[in-house]
Colleague: 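Before we start, here is the structure in question, set down as C-alpha cells.
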Amino acid sequence: MEEPHRREIRALHTTSTLTVYQAYRPEIGLPAIRDGRFPAAWKPGRMTWIKPSFMWMMYRSGWGTKEGQETVLAVEITRDGFDWALRHACLSSYVRGLHPDRGTWQRELKRAPARVQWDPERDLHLRPLPYRSLQLGLSGEASSRYADEWIVSISDVTPLAHEIHGLVKDGRLDAATRLLPQEQGYPAGAELLAHLSP
C-alpha cells in the first residue's frame, strides 16, 4: 500500500460532505446523537477541535474510555463548511518561512476563527506513524457556523470504537482494520492548504 503524503487530509467524504470525530461526556454526546445537533450545554464560544481521522480520535479519547470523552461522535458536515474553515484557518504554531515573522503569525492566530495542527497519525496500537493528520480547531464564527449550519448528521460510533479496541486487544488486527472507516485523501486543493502546509 502506498504511504500517504506527510501532511494530507484523509477523511471519510462524499461529493458534498465530510465526516469528523469528536468525543464528549454523555450529557452532551447523547442529546447530540438523539437530536442531530448539539444541546444548549454545548458552548459555541469555546474552541472545539474536530478530527477527520478516526484513529486520532481513538488516541485522544482512549477508545472512548477517558473521562469526559466516553461518547464518540461521527459528525457529518458540509464540505463547503469544512473548506470555509480551512480558508479562514491559521496554523497553531509559528513556522519560519511560511509566516513573514512571529508577530504577523500571532496577529493572524488571534484573528482567525479556525486553527490547524498537524499531529502524527496513529496505528491500531495508538503508536505514532511517520505521516501527519489534520486537527481543526474552531472558535467564534467558525464554531457557531459548525453547530448551526454545517452539521448534516451526528451518529454514535462509541460501540464501533469499543468493538475495534476489543479486536486489537485480542490480536485480531486484520478484523479490526476491516472495521475502520475508509478514509481517503480529501481533494482540498493547493489554494486551501498553501497557508497551512509547513
Side-chain angles (χ1 to χ4, degrees), residues 1-26 28-30 32-34 36 38 48-79 81-83 85-86 89 116-138 146 150-189 192-193 196-197:
M1 191 173 107
E2 191 180 330
E3 184 175 295
H5 298 295
R6 211 168 123 60
R7 283 181 177 84
E8 177 187 35
I9 300 171
R10 290 169 301 282
L12 196 60
H13 59 85
T14 69
T15 53
S16 59
T17 67
L18 174 136
T19 298
V20 295
Y21 300 95
Q22 294 193 288
Y24 288 102
R25 61 184 193 276
I28 287 181
L30 296 179
I33 294 159
R34 183 189 66 222
F38 290 112
T48 189
W49 288 89
I50 59 177
K51 302 157 179 55
S53 164
F54 180 83
M55 283 309 305
W56 219 94
M57 188 72 257
M58 296 306 98
Y59 167 69
R60 185 71 183 83
S61 68
W63 298 99
T65 63
K66 288 185 182 175
E67 187 178 350
Q69 299 190 55
E70 302 92 338
T71 312
V72 185
L73 308 179
V75 185
E76 190 180 15
I77 63 173
T78 65
R79 279 175 56 162
F82 184 73
D83 289 355
L86 291 178
V116 158
Q117 279 179 206
W118 294 98
D119 293 302
E121 182 59 284
R122 301 285 159 165
D123 68 10
L124 283 168
H125 295 290
L126 306 183
R127 296 173 303 210
L129 289 164
Y131 52 92
R132 292 180 176 260
S133 193
L134 176 118
Q135 288 195 73
L136 186 58
L138 308 174
Y146 171 62
W150 301 346
I151 294 174
V152 175
S153 69
I154 299 178
S155 53
D156 185 3
V157 289
T158 316
L160 176 65
H162 293 168
E163 185 179 0
I164 294 173
H165 187 208
L167 290 169
V168 172
K169 286 194 291 189
D170 289 343
R172 299 174 59 197
L173 300 187
D174 286 349
T177 299
R178 282 195 294 274
L179 292 180
L180 290 174
Q182 296 302 300
E183 294 164 6
Q184 308 281 337
Y186 180 70
L192 273 182
L193 292 181
L196 302 171
S197 299

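This structure is a prediction, so every number in the text was calculated from the model and none was measured. Counting from 1, the numbers follow the sequence of the chain as shown.
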Colleague: For Leu180, is there any backbone N or O sitting under 3.5 Å from a side-chain donor or acceptor partner on Gln182?
Modeller: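 Checking the backbone N and O of Leu180 against the side chain of Gln182, a donor-acceptor pair under 3.5 Å is found.
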Colleague: Quick one: does Glu121's side chain get under 4.5 Å of Pro128's, heavy atoms only?
Modeller: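 No, side chains not in contact.
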Colleague: Could you check whether any side-chain N or O of Arg132 sits under 3.5 Å from a backbone N or O of Gln117, counting only pairs where one atom can act as donor and the other as acceptor?
Modeller: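 Not a single qualifying donor-acceptor pair exists.
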Colleague: Do Trp118 side-chain atoms and Leu196 backbone N/O form a donor-acceptor pair below 3.5 Å?
Modeller: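 Between the backbone of Leu196 and the side chain of Trp118 there is a qualifying donor-acceptor contact (under 3.5 Å).
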Colleague: What are the two closest non-hydrogen atoms of Ala85 and Leu138, and how far apart are they?
Modeller: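 Looks like CB-CD2, 4.0 Å.
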Colleague: Ignoring hydrogens and angles, tell me if any N or O in the side chain of Thr19 forms a donor-acceptor pair with the backbone of Glu76 under 3.5 Å.
Modeller: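 Pair absent, no side-chain N/O of Thr19 close to backbone of Glu76.
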Colleague: Minimum heavy-atom separation for Ile151 to Gly36, with atom names?
Modeller: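 In this case the closest contact between Ile151 and Gly36 is CG2-O, 3.7 Å.
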Colleague: Locate the shortest heavy-atom distance separating Leu124 from Ala176; write the atom from each residue and the value.
Modeller: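 The answer is CD1-CB, 4.1 Å.
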Colleague: Can you measure from CG (Leu179) to CG (Leu160) and round to the nearest 0.5 angstrom?
Modeller: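 Interatomic distance, Leu179 CG to Leu160 CG, rounded to 0.5 Å: 6.0 Å.
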Colleague: Please round to the nearest 0.5 Å and tell me the distance separating atom CG of Leu73 and atom CD1 of Ile50.
Modeller: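 Reported value, rounded in 0.5 Å steps: 12.5 Å.
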Colleague: Indicate the atoms forming the closest heavy-atom contact of Thr78 with Val152, along with that distance.
Modeller: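 What the structure gives for the nearest pair is CG2-CG2, 3.9 Å.
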Colleague: Tell me whether Glu183 contacts the main-chain N or O of Phe54 through its side chain, where contact means a donor paired with an acceptor under 3.5 Å.
Modeller: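 Yes, Glu183 side chain to Phe54 backbone: donor-acceptor pair under 3.5 Å.
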Colleague: State the CD1-CG distance between Ile164 and Leu173, to the nearest 0.5 angstrom.
Modeller: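 Rounded to the nearest 0.5 Å, the CD1-CG separation comes out at 11.5 Å.
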Colleague: List for me each residue that meets side-chain contact (heavy atoms from CB on, under 4.5 Å) alongside Leu126, sequence neighbours excluded, and say none if there are none.
Modeller: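 Partners of Leu126 under the side-chain contact (heavy atoms from CB on, under 4.5 Å) test: Met55, Met58, Tyr59, Trp63.
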Colleague: Has Gln22 got a side-chain atom pairing as donor or acceptor with Trp49's backbone, closer than 3.5 angstrom?
Modeller: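 Side chain of Gln22 to backbone of Trp49: a pair is present.
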Colleague: Kindly write out the residues that satisfy salt bridge (Lys or Arg N to Asp or Glu O under 4.0 Å) with Asp83, not counting sequence neighbours, or none if the list is empty.
Modeller: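 Partners of Asp83 by the salt bridge (Lys or Arg N to Asp or Glu O under 4.0 Å) criterion come out as none, since no residue qualifies.
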Colleague: So, taking the atom named CZ in Phe82 and the one named CG in Leu136, what distance separates them when rounded to the nearest 0.5 Å?
Modeller: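 It comes to 5.5 Å.
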Colleague: Taking all non-hydrogen atoms of both residues, which atom of Ile9 and which atom of Ala188 are closest, and how far apart?
Modeller: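 Smallest heavy-atom distance, with atoms named: CD1-CB, 4.3 Å.
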Colleague: Not counting sequence neighbours, which residues clear salt bridge (Lys or Arg N to Asp or Glu O under 4.0 Å) with Arg25? List them please.
Modeller: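 By the salt bridge (Lys or Arg N to Asp or Glu O under 4.0 Å) rule, Arg25 matches Glu27.
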Colleague: Donor-acceptor pair, Glu163 side chain versus Ala161 backbone, under 3.5 Å?
Modeller: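 Not confirmed, Glu163 side chain does not pair with Ala161 backbone.
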